[in-house]
Enquirer: 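Dropping the structure in here first, questions after.
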Amino acid sequence: MELLEKLNPQQKQAVTTDPGPVLVLAGPGSGKTRVLTQRVAYVIDRFDVHPYHLMAVTFTNKAAREMGERVAKLLGRQTRGLTLGTFHATCARILRVEAEHLPVDSNYVIFDADDQVKVVKQVIKDHNLDDKRYRPRSVHASISAAKNELYLPEDFPIDTYRAEVVARIYEDYQKTLLTSNAMDFDDLLLWMAILLEDYPSIREKYARRFEHILVDEFQDTNIAQYTLLKHLASYHRNIFVVGDADQSIYRWRGADYRNVMRFKKDFSEAEVILLEQNYRSTQTILDVAMAVIDQNTHRTPKRLFTEREAGPKVHVKELFDEREQAQYVVDTIARQVASKKAKPGDFAVMYRINAQSRLLEEAFLSANLPYKLVGAQRFYGRREVKDIIAYLRLIFNPHDEISLSRVIGTPPRGIGTKTYAQLRTHAQKLNISSGDLLADLAKGKESEHLSQFSTRAAKALSRFGRLLVKWLEDKDTLPPVEIMDQILEDVGYQDYLDDGSEEGRERWENVMELRRLASEYQTVGLQQFLEDVALVSDQDTLEEGADAPTLLTLHAAKGLEFSQVFIVGLNDGVLPHQRSFEDPEGMEEERRLFYVGITRAKDRVYLSHALNRYVYGHTEPGQPSRYYADIPADLRDDGRLARQQRRKSQVFRPWKKASPPPAKKVEAQYKAGMKIQHPKWDKGLVIGSKIQDDDEILDIVFDTVGLKKVIASLANLEVIE
């Protein structure tokens, strides 16, 4: 048995330590996942604990699946009964069991991020508030933060007029969720914590059941998660947490690295173990990372070391502007791939905010180099996928107002916005859900209700109501894939979606991919399918195996590793972000974000910044990031001497390139009406042209993808006579 194979002394100490509270502070690349996995297997095997009495919490479904497979392999048998999954998935399962103590039924649905914002938007509209002043996403973020701090609407802290308005929106937002028999992601944690807090018998039931609790990425827990963990560990006090406060980068979504300190206080007898040997990076990369993070305060110092060689210095590159920076990245990758020194999939390009990907994407497209973009529209966020999921959610829970509002007119069936508003208003008067009213209209029970609508609208509502009733009758006897097939056939969704265009075919293929996924839920049913779909994360959908560079934000890079890493846009105001300048804690988190990016690299790190940045429609000088000053000179290769000598004879002018001779004035090469051929998007028609930033920018309507803005000098266009 390989329970203790290939473990270094610190890892072995963590895996074999006695029961009780344990805090493992694990540096990046130190094998914390291996330690956590082997600790699970060790507890089951050596402490003779039945899997049913053990709970392990991860932060992605993918990590949970991999851990489960690894534990089964280590033990040589299946671990039925083991509670293993994300916080949200674990809480969702327990809350369904304990639904009698909650303000929702056990068949509640989970609203995804788009649905949550949609509800907030509707409440803002209902309150006649200005959505420019009270932006739905900003208001929702305030509500989310309150839930993470365990504040219900009546507890919402009010210290400004805006807070008072947000509290009112929060109250109606929550009412809408409960009326729809729904929860959002934060509710899963909030209600779990409240359940354990307010019901001692339930707290004791689960605290006794879970003899051992193990938690990954502990530094990313919020107050709600820490509270429910403390309750669950209150009986046996066997809680094993693994984390690294230096990698806490999700404060904006409630994560609180101070939970590490709270753990030390609440479990004062806890054993603290450091994992410092790194199995990923060269020593140079680790030394640079430590030089950066050592500037932060209130942290447990770690000395990261590796048995690998020192490796090359970190390459620092100064570029004229962000367009040139993107070209530098593409050229560097292309040269290494062409010379067989690296494969395309070895590279990752990281940046602080999503908007920075645009110029990078243009550079990759112009060079005809494929790439993977993390954080682009996810599969589950696509319109056609959300449509079918909304149908399934409505069938599972006919009180789901948000899903009904999405599908009642999709495909078009004579039920417009006005008719739906009338339906909703009449249902509210009757104190029932719109779904219930539709069912009544279909069954003819309440024929007097039909008088509320025009003849045409009444017929359309009755027809849709009959479909809904039929689906509801089948939901308990048919597996998800057959219910889906019934929906697709009954509403003619393929004809609606696939109009013969390439886009239509791709959208239908997405529906078929969802169908393939649903076919895997033959035995576990619709509830589990909808729950898994709702709780999927970006990293769970990250395409595996594609040999292409990965473009992603520094936040999305957490938990990943690559042979070579570019971190672009290292300008003050970008990283660290200007929003953090007046916030000491925010500045420390920005530094942790930089640290996380550096430590994703195995072999090489490239850092770059632009002398000129395009901000709000004009170009302005860019200042290199202050973080450069933390990197020792002997660990960086930045061509500083050559640049200093070059600048002795030059005066820097931000509106000109530093190297003479001056660029020739660009003249328009294309005119409206020209037909062109693009290497990727095929034939197109130029409908507009303008000179901007020494480039010709074209508006082109392509047969395949519609209207696109294209940079003429990079697009490899061919004029068709």
Enquirer: Looking at every non-hydrogen atom in both residues, tell me the closest pair between Phe529 and Ala518 and how far apart they are.
Expert: CE1-CA, 3.8 Å
Enquirer: Flag the pair Ile353 / Thr553 as yes when at least one side-chain heavy-atom distance between them is below 4.5 Å, and no otherwise.
Expert: no
Enquirer: Do Lys475 and Gln486 get their side chains close enough for a donor-acceptor pair, meaning under 3.5 Å?
Expert: no
Enquirer: Within the structure provided, determine whether Ile408 and Leu438 are in side-chain contact (heavy-atom separation under 4.5 Å).
Expert: yes
Enquirer: How about Arg133: does its CZ atom have over 12 heavy atoms from other parts shown lying under 6.0 Å from it?
Expert: no
Enquirer: Can the ring centroids of Tyr496 and Tyr493 be said to lie less than 6.0 angstrom from one another?
Expert: yes
Enquirer: So, are Asp220 and Lys558 salt-bridged, with charged N and O less than 4.0 Å apart?
Expert: yes
Enquirer: For the pair Arg65 and Thr58, evaluate side chain to side chain donor-acceptor pair (under 3.5 Å) and give the outcome as yes or no after the intermediate values.
Expert: CA-CA 10 Å; Arg65 284 194 302 272; Thr58 65; over 6 Å; no
Enquirer: Got a sec: does the CZ of Arg456 have more than 12 other heavy atoms crowding it under 6.0 Å?
Expert: no
Enquirer: Mind checking the CG-CG spacing from Asp440 to Leu461? Nearest 0.5 Å is all I need.
Expert: 12.5 Å
Enquirer: Quick check: does any side chain N or O of Gln122 sit under 3.5 Å from a backbone N or O of Lys118, one acting as donor and the other as acceptor?
Expert: no
Enquirer: Given 3.5 Å as the limit, does a donor-acceptor pair link the side chain of Asp184 with the main chain of Asp187, or not?
Expert: yes
Enquirer: Are a donor atom and an acceptor atom from the side chains of Arg209 and Thr83 found within less than 3.5 Å of each other?
Expert: yes
Enquirer: Quick check for you: to the nearest 0.5 Å, what is the distance between Leu102 atom CG and Leu95 atom CG?
Expert: 5.5 Å
Enquirer: Working to the nearest 0.5 angstrom, can you tell me the gap between Thr86 OG1 and Leu535 CG?
Expert: 5.5 Å
Enquirer: Is it true that Lys121 and Asp131 make a salt bridge, defined as a side-chain N closer than 4.0 Å to a carboxylate O?
Expert: no
Enquirer: Determine whether Lys683 and Ile676 make a side-chain contact, defined as any pair of heavy atoms from C-beta on separated by less than 4.5 Å.
Expert: no
Enquirer: Measure across Gly465 and Ala442 and return the closest heavy-atom pair with its distance rounded to 0.1 Å.
Expert: C-CB, 3.2 Å
Enquirer: Looking at Ser180 and Ala182, would you say the former's side chain and the latter's main chain have a donor-acceptor pair under 3.5 Å?
Expert: no
Enquirer: Under 3.5 Å, is there a donor-acceptor pair linking the side chains of Ser434 and Glu401?
Expert: yes
Enquirer: Is there a donor-acceptor pair closer than 3.5 Å between any side-chain N or O of Ser357 and the backbone N or O of Asn354?
Expert: yes
Enquirer: Is Asn431 atom CG crowded by more than 12 heavy atoms from other residues, nucleotides or ligands, each under 6.0 Å away?
Expert: no
Enquirer: Quick one: closest heavy-atom pair of Tyr108 and Arg96, and the distance?
Expert: O-NH1, 2.9 Å
Enquirer: How far apart are the C-alpha atoms of Phe364 and Tyr371, what are their side-chain angles, what is the distance that settles it, and do they pass the ring-ring contact (aromatic ring centres under 6.0 Å, His included) test?
Expert: CA-CA 7 Å; Phe364 274 99; Tyr371 61 90; 5.6 Å; yes
Enquirer: Just by distance, with hydrogens left out, do Asn61 and Asp532 show a side-chain donor and acceptor under 3.5 Å apart?
Expert: no
Enquirer: Roughly how far, to the nearest 0.5 Å, is the CD1 atom of Ile395 from the CG atom of Leu530?
Expert: 9.5 Å
Enquirer: Apply the test salt bridge (Lys or Arg N to Asp or Glu O under 4.0 Å) to residues Lys205 and Glu98: give CA-CA distance (whole Å), side-chain angles for both, the deciding distance (0.1 Å), then the verdict.
Expert: CA-CA 11 Å; Lys205 170 184 172 182; Glu98 306 297 343; 2.7 Å; yes
Enquirer: Which heavy atom of Glu171 sits nearest to which heavy atom of Pro153, and what is that distance?
Expert: CA-CB, 3.8 Å
Enquirer: Hey, mind stepping through Lys470 and Asp490 against salt bridge (Lys or Arg N to Asp or Glu O under 4.0 Å) and telling me if it holds?
Expert: CA-CA 10 Å; Lys470 183 180 87 166; Asp490 288 345; 2.8 Å; yes
Enquirer: With rounding to the nearest 0.5 angstrom, report the CZ to CG distance, Arg383 to Asp114.
Expert: 13.5 Å
Enquirer: Salt-bridged, Arg203 to Glu197, with N to O below 4.0 Å?
Expert: no
Enquirer: Test your reading of the model: is there a side-chain donor-acceptor pair from Tyr351 to the backbone of Leu552, 3.5 Å cut-off?
Expert: yes
Enquirer: I'd like to check Val57 versus Thr221 (side-chain heavy atoms, cut-off strictly below 4.5 Å). Are they in contact?
Expert: no
Enquirer: Would you mind checking if Glu164 and Arg168 are paired as a salt bridge, meaning a charged N to carboxylate O distance below 4.0 Å?
Expert: yes
Enquirer: Measuring from Thr90:OG1 to Arg93:CZ, what's the distance to the nearest 0.5 Å?
Expert: 4.5 Å
Enquirer: Would you call Asp387 and Arg406 a salt bridge, taking side-chain N to carboxylate O under 4.0 Å as the test?
Expert: yes
Enquirer: Can a donor-acceptor pair be found, under 3.5 Å and without considering hydrogens, that links the side chain of Thr477 to the backbone of Asp474?
Expert: yes
